[in-house]
Amino acid sequence: MMRKLCVFAICLGLVFGLHTLAAAKTLKIGTLSPLTGPYAQDGTDILQGVKTAVALVEAAGGIPGFDKIEVLPGDSACDGGKATMAANKHINSGVHAVVGAYCSSATIPASVPLNEAKIIQITPASTHEDVTERGFKYLFRACPRDDAQAAAMVSFLENALKIKTLALIDDKQTYTVGLTKNIRHLVENHGKIKIVAHEHIAPGDKDFTAVLTKLKKIDPDAIYMSTYQPEGSLMARQAKALGLRAHLLSEDAVYHPKYIEVAGKAAEGSFLTFAKAPDTPERRNFEAEYKKMWGVKKIGSYAYYAFDAANIILGAVKIAKSTDPDKLEQVIRSTTWKGATGTIKFDHKGDRGASYIIWVVKNGEFVPYWNPQTGQYF
Amino acid sequence: MNENGPAKAVLQLNEVHTYYGRIHALKGISCRIPSGGIVCLIGANGAGKSTTLMTICGVQPAAKGEILFEGRPIHRMRPEQIASLGISQVPEGRQIFPLMTTLENLEMGAYLRKDRDGIKRDLEKVYSLFPVLKERRNQLGGTLSGGEQQMLAIARALMSRPRLLLLDEPSLGLAPLLVERIFDTIQEINRAGTPIFLVEQNAQMALSISGWGYVMETGRIVLADRARALLEDEQVKKAYLGE
Amino acid sequence: MVRREIQRFCIYTLFLTILVLPMVGMRGPEFEARRAFTVLSVLVGVLLLTTVFRLLRETSFYRNLGQRIRQRRDRALGKIQVLPRPVALGSLFFLLALFPFAANNYVIDVAITVLIYVTLGLGLNVVVGLAGLLDLGYIAFYAVGAYTYSLLNLHYGIPFWFALPFGVVIGSLCGCIIGYPTLKMRGDYLAIVTLGFGEIIRLVLNNWDNLTKGPNGLLGMDKPKLILPSFSDGGLSWTVVPLKSLPSLYFVILAVALLTVIAVHRLNNSRIGRAWIAIREDETAAELTGIPTTLLKLLAYALGAVFAAVAGAFFAAKLSYTNPNFFVFLESCVVLSIVVLGGMGSIPGIILGALALIAIPELFRELASYRMLAFGGAMTVMMVLKPEGFIPATRRKRELHEEELESEEAADE
Amino acid sequence: METQAFLVQQIVNALFLGSIYALIALGYTMVYGIIQLINFAHGEMFTAGSFIGLIVLGALQRMGFVESHFVLSMFVVFAMAMAYVAFLGVAIEHVAYKPLRRASRLSALLSALGMSIFLSNGMMLSQGVSDRAYPPVLGTGGIHVLGARITYGQIFIVAFAVALMVGLNLFVKKTKLGKAMRATAQNRRMAGLLGINIDKTIRTTFVIGPALGAAAGVMVGMYYGSVRFDMGFIPGIKAFAAAVLGGIGNITGAMVGGMLIGMVEVLWAAFLPSEWKDVTAFIVLILVLYFRPTGILGERVIEERV
Amino acid sequence: MSLRLEKVSMQFGGLVALRDLDLEIPEGVIISLIGPNGAGKTTVFNLITGVYRPTEGTIHYNGHRLNGLPPHKIIALGIARTFQNIRLFKNMTALENVQVGMHCRTQSGAIRALFKTRFERAEEQRIRKRAQEILQELGIDRYQDEYAGNLPYGEQRRLEIARALATDPKILLLDEPAAGMNPKETEDLMQLILSLRNKGLTIFLVEHDMKVVMGISDRIAVLDHGQKIAEGPPRAIQQDERVIEAYLGRRHTTTGSIS
């Protein structure tokens, strides 16, 4: 049996060896996102967003000096170990830049080898502060941070909605807890609103009536649902069915056409934070191409960020006329980018500026409602 | 009866071979069971006695040879088909369904029968044969004592109205008094017209109630004769009767 | 024969049609005929091929061919077998030691992960393979190891090697705590309770925000360090070398895995190992032969937990990051699969199992979303084809045919 | 909201959640009872049932059938979903479990796990990664009892669940086939000797168990309003826990266990820090099993003959 | 040095399995316990070896109170047993089965095994040697490396006794050792039991085979419905009306051919 083991190991080694032989003159962009498991929806959106960007650039003549642009998908499965393996795999296949990952718990460990190998990484979805707080030179974030999003929501609650009591619900995951923590922090500092409850649900559950009935008894003015979209939809439905009168508030992970589709009428009137949707040619162009390419009617939010992240990389290569990471890093940091999610200008940490606005669900659509920067209604 | 075995067989095995994986368990068994008689099969542990019964019932199918029941071949049939022909086995170790009541166990015996009235009548019949089962009819099978379980196992087999009854070691692990009672019952069942094929360790008892006997050694039948003759046989006396 | 195969083929095709068409075709309101029939025809094609193969297998041509191939193979393998055991082991070790110099970072990272799972698999083997206690929450000990090191390092700056003994002690304590209430339970009741414990530990890590930072996870632990002599400036001095590169981490986990192999091998062949196997075979009889079953079962849990805790500490150190999400139920299943698929109780089997379950899916990264589908399917197929695992322990091989043997014994008695 | 109304509402919530768990637990218990296999793929059967229900319901709705013949269309939806999943169950049994009947139980367990992963990913690929909305057919109407609101949907589902469980109990206790199933579960070889077709009996189990899971899937889809490829996983684990808690192999036990798990979860979340509800559910499970190692209604193992 | 049961009762739920049993097993004798099926014979064994705890009464052995002691401690005190339906570790070799039996007389723990200390290695050697000796004594040493499940039936019974002997007992409880044996095997078994007794072992026997019971017992106790109905030397028991009524039956006494 020792023999069997040896033969097997040698075969495996050979296959791996052959496997990693590099290919010809192509620009390679790797992605990291969960393509399997519970977050596969958002992960697929990210991959498709990147592919859309590449398709558009290639259609416009490609990038001088490269025969073609290749997208290498990497399944991070929202797991640190698998994400680093995928990252290392990208490094060895000679990718020039990486878009990803999705979960902060995958982005943080995966960024270590990527940064060491001097590969540009732009995450389209990981909003946790720790991602950029570690001061990695080659790591950028194309989406705003938790604290920015929380600030936008709190500003809305205090200045526009002017509520007195707030209940928080999160599902105890890195992202959702990051948001409730920031909101709680801001609200308590400002002292205008009272947090009357902070409940937790478990991801994957379908029945939230216990917690919602509890909130019905407390009767807060607003409920902040810090969850992902599937749970958000169900919670909105059950809240309405139980007859809760509170405003429903949520964030960009719930900002997905599926939210309205599944929650139906119950979604009406809920307020969500999401990046401002500028009615720019870039955005319209992206939406048209994306819908055509993937045969969908509506687009998930992370596809926008991923599209912008990929475009920034491709644009930087074009400007720098090189794939040298230091040059790319310089270009990315110094340029002001116009994308489907508005203008992006990275700060010294690699974060983009805050650009969240409040959206409301009205007649089955997300509609811009209030702008925290200006304090104006749309 | 003639020298080669009882005439007019209800069951006949011709040169049956059975394997367990690579083990050649039955090496060409031939035997016959007359309609209406008791035939016993004696032999040491591991000789293949139980295998013979399992082969007849199709649980351990024969690799070679043929098995004829009332003249028709059954060695290619599945256990439930064979059971439906009327061959009923009381396997070694009773094999009661422990979490079913006595009554349910008996009902399972009549699983293949459709005649409700007939089942009811037979139920009364086995109750009269084993009154203790009637007392215990709503008790779980697993809570019965060993002797009661043995009676239940026989009663269950009778519920199918067998045309042939196979008994595997009915005396194993029973007190002497019970052994006597069980053997009396076996004779009683036989007198009512059911042919019986009896596999026993207790050669003395088995031979004393049988008409014909076979002696098995390591997968082969080494002796076949009238039971009374076997009781007198020096070889048998020495090896199986402990005299 | 032919008729039966064709009959089979028709029935299976019918089943596939019923099962595939609605599920694949009805993604939206309209029936996507092309998609549905493409999938169906691929499946039916595979079915057809297997049917043809099954029919071919019965022909004499195939049998002769098979025999000839088998002879060739045996002859070829026979030559390899000539190597004496120490030489084979030595060269294997040599290969393992040289491996990082010939491989790139990705392959080394995969190898590290495989070795982590080898350690986990061998640890679980003590519980499941030797003592026969079905544990569906084994990954919890991995988590305990990871968090013990992380917390000690972050709060008290205790380096990796000094944190290991703490990890071992806390891991084994957790093993005992989890083991204790399960002592009276058997089989599948044990399975659900261990599953429950696994989930409890994960949820506690996720909910105890003050200690574990909850779902944020812990960040920034030190890598293991080595103190090496250096001969700079003519004199001998000691330098602390943090093991940051993947090859150096590879050597650490290789050492851990090798020590685990030796430890499990020794346990297996000791008085304690025999007692475990006896408990697995027949607990009541073991107890009545004078074995303190309670104590030994606890010992199995504790020792199994120790290996997992060491692997967990290494994992946390390697990533410099840990998060409760890494320790979900599915991970326990993967480790259990390694043990069963490789061959319970067999050390080479478990190594092979880890290779098969961790390294091979990596080869199919390009399959992306089809990867897990293939993984699940392959698992079932493997079990159906080789229920005893790749390299069953000699003892185990027998056990799998136990029912056959039992029926035979019953029939022969 | 008054305290009394609050309490009643929470109990209603618990009963409802409990009956969903109980329904799924039935499938585990039946399969376990007959072949001593933890059918890990059962959660996926539940999901598949939900998907088929969605497909059929969607088709009927487009034809305008649901409005005109509500009861009949409900019947069709449940029947189709249950039939499909029964097919699936039989197919899986044949492919993944039957060849392993004589192998060790762990091998079969792993085969089931592989099937579970395979099916859930297969559904992800075929039905999409995102959740899908169920057409709102149950409506939002309801009644008020002691201040608590109970929707007709909830009443329908609990009634249906109870009916299925009572029916199943009667089936197993009273019918010939049901008794044959019990006999097969207790002593497979002896059952064969009595003329019971073992393969057929096991197949029947794999028709009934998955079909019940499918019914639960359709109910969950209709009531909560969405379906997703991985929605079977967590209810699957909890239902499995419920089945064991009640005494695995025992049909009434599955119901009791499901109710208990539902109660603990809801009532804990209602009065105490909600993030610990699952921890509590598992602790209750462990405590109950510690004091009653065969579950609440688990058949007392007949005194082992030493 | 005797095993003493005083007013021992055992109830399962409402079922009384044993009622006020008094029994004394003096050193160096062969004592048999007989009675109809379900009379509570195996229960007595289970009570002595700690599988059950008596609901009433006490069991004393050699100054130790056995009530409530876990089985492995009772075995360590010098009481060993075999089982009615053979319970060997089928997938361990014959030698390993005996080695397991020596567990309670050896000490090496996990730590010693992990570091393969000198003590451990010496002990392993000792275990191996002693186990081989025991197999030899019982004449089954040729099966040493055979899996226990593969042994012929009679030899399995022997191996069970070997395993019990490996625990170095003072009292050996044998539960129906002759069940399923043919006359030749039974004869050998009787010789074995006698020789064990002659080496100083106390034998406590439950058996249905009257040839064995009457042939080798020094004393016989008869149980019926959980109560002791008679006790005495074989000849007296054979004549006892109540025993004949409850257990032996007429035929046995009339044929009376007990060797």
Side-chain angles (χ1 to χ4, degrees), chain C residues 15-16 18-19 22-24 26-27 29 39 128 134 181-182 184-189 191-193 195-197 199-200 203-204 206-207 284-285 288 329-330 333 336-337 340-341 344 369-373 375-384 387-389 396 399-404 407, chain D residues 32 36 38 48 51-52 55 58-59 62 84 87-88 90-91 95-96 99-100 102-129 189 237 240-241 244-245 248 275-276 278-279 282-283 285-287 289-290 293-295 304 306:
Chain C
F15 255 84
L16 275 176
I18 293 173
L19 292 180
M23 210 31 123
V24 179
M26 296 296 293
R27 191 162 41 159
V39 174
V128 178
L134 180 51
T182 65
K184 282 199 290 180
M185 298 165 202
R186 289 185 189 187
D188 301 290
Y189 290 94
I192 185 67
V193 168
L195 189 158
F197 265 120
E199 285 295 289
I200 288 174
L203 288 167
V204 167
N206 204 34
N207 286 339
T284 315
L288 289 170
F329 170 58
L330 195 66
C333 293
L336 184 66
S337 309
V340 181
L341 208 59
M344 270 212 288
S369 38
Y370 292 87
R371 200 159 59 113
M372 287 307 281
L373 182 84
F375 179 82
M379 211 154 117
T380 299
V381 170
M382 270 312 301
M383 281 290 70
V384 169
E388 69 273 27
R396 223 49 218 188
E399 237 163 275
L400 282 157
H401 304 286
E402 192 163 321
E403 196 174 323
E404 264 166 60
S407 55
Chain D
Y32 185 89
Q36 283 76 50
I38 303 170
F51 269 121
I52 297 298
I55 290 166
R62 277 192 298 284
Y84 177 88
F87 259 99
L88 185 64
V90 170
V95 173
L100 290 171
R102 293 190 138 198
S104 92
R105 299 211 351 233
L106 266 179
S107 312
L109 189 77
L110 224 62
S111 182
L113 194 64
M115 262 296 133
S116 162
I117 296 173
F118 178 83
L119 285 178
S120 94
N121 280 278
M123 282 188 284
M124 178 186 101
L125 291 168
S126 58
Q127 290 288 315
V129 284
R189 198 199 317 187
I237 287 187
F240 170 41
V244 176
L245 187 59
I248 196 153
E275 69 264 40
W276 297 99
D278 288 349
V279 176
F282 282 118
I283 287 178
L285 172 80
I286 291 165
L287 281 180
L289 289 184
Y290 181 69
T294 53
E304 202 182 356
V306 181

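Proteins come first, then strands; the chains are lettered A, B, ... in the order of their sequence lines, and each starts at number 1.
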Heavy-atom check, side chain of [X] versus side chain of [Y], under 4.5 Å:
{"X": "Phe118(D)", "Y": "Thr380(C)", "answer": "no"}
{"X": "Val340(C)", "Y": "Leu109(D)", "answer": "no"}
{"X": "Phe282(D)", "Y": "Ile237(D)", "answer": "yes"}
{"X": "Leu336(C)", "Y": "Leu113(D)", "answer": "no"}
{"X": "Trp276(D)", "Y": "Val204(C)", "answer": "yes"}

Check whether [X] gets within reach of chain C through its side chain, its backbone, both or neither, counting any heavy atom under 4.5 Å.
{"X": "Leu287(D)", "result": "neither"}
{"X": "Val95(D)", "result": "backbone"}
{"X": "Leu88(D)", "result": "both"}
{"X": "Ala59(D)", "result": "neither"}
{"X": "Phe51(D)", "result": "side chain"}

With a 4.5 angstrom heavy-atom cut-off, could you sort out which part of [X] is near chain D: side chain, backbone, both or neither?
{"X": "Tyr189(C)", "answer": "both"}
{"X": "Leu16(C)", "answer": "neither"}
{"X": "Val381(C)", "answer": "neither"}
{"X": "Phe197(C)", "answer": "both"}

State, to 0.1 Å, how close [X] and [Y] come at their nearest heavy-atom pair, and which atoms those are.
{"X": "Leu341(C)", "Y": "Leu110(D)", "answer": "N-CD2, 4.0 Å"}
{"X": "Gln36(D)", "Y": "Arg105(D)", "answer": "O-NE, 3.1 Å"}
{"X": "Pro22(C)", "Y": "Tyr84(D)", "answer": "CG-CE1, 3.6 Å"}

Between [options], the one whose heavy-atom pairs under 4.5 Å with chain D are most numerous:
{"options": "Asn206(C), Leu134(C), Val39(C)", "value": "Leu134(C)"}
{"options": "Leu203(C), Thr182(C), Leu330(C)", "value": "Leu203(C)"}
{"options": "Glu199(C), Met382(C), Met23(C)", "value": "Met23(C)"}

Ranking Gly128(D), Ala91(D), Gly295(D), Ser116(D) by heavy-atom pairs under 4.5 Å to chain C gives rank one to Ala91(D)
Counting heavy-atom pairs under 4.5 Å with chain C, which one of Leu119(D), Val244(D), Leu125(D) comes out on top?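 That would be Leu125(D).
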With sequence neighbours left out, the residues meeting side-chain contact (heavy atoms from CB on, under 4.5 Å) with Leu100(D) are Met383(C), Val384(C), Pro387(C), Ala103(D), Ser107(D), Ala108(D), Ser111(D)
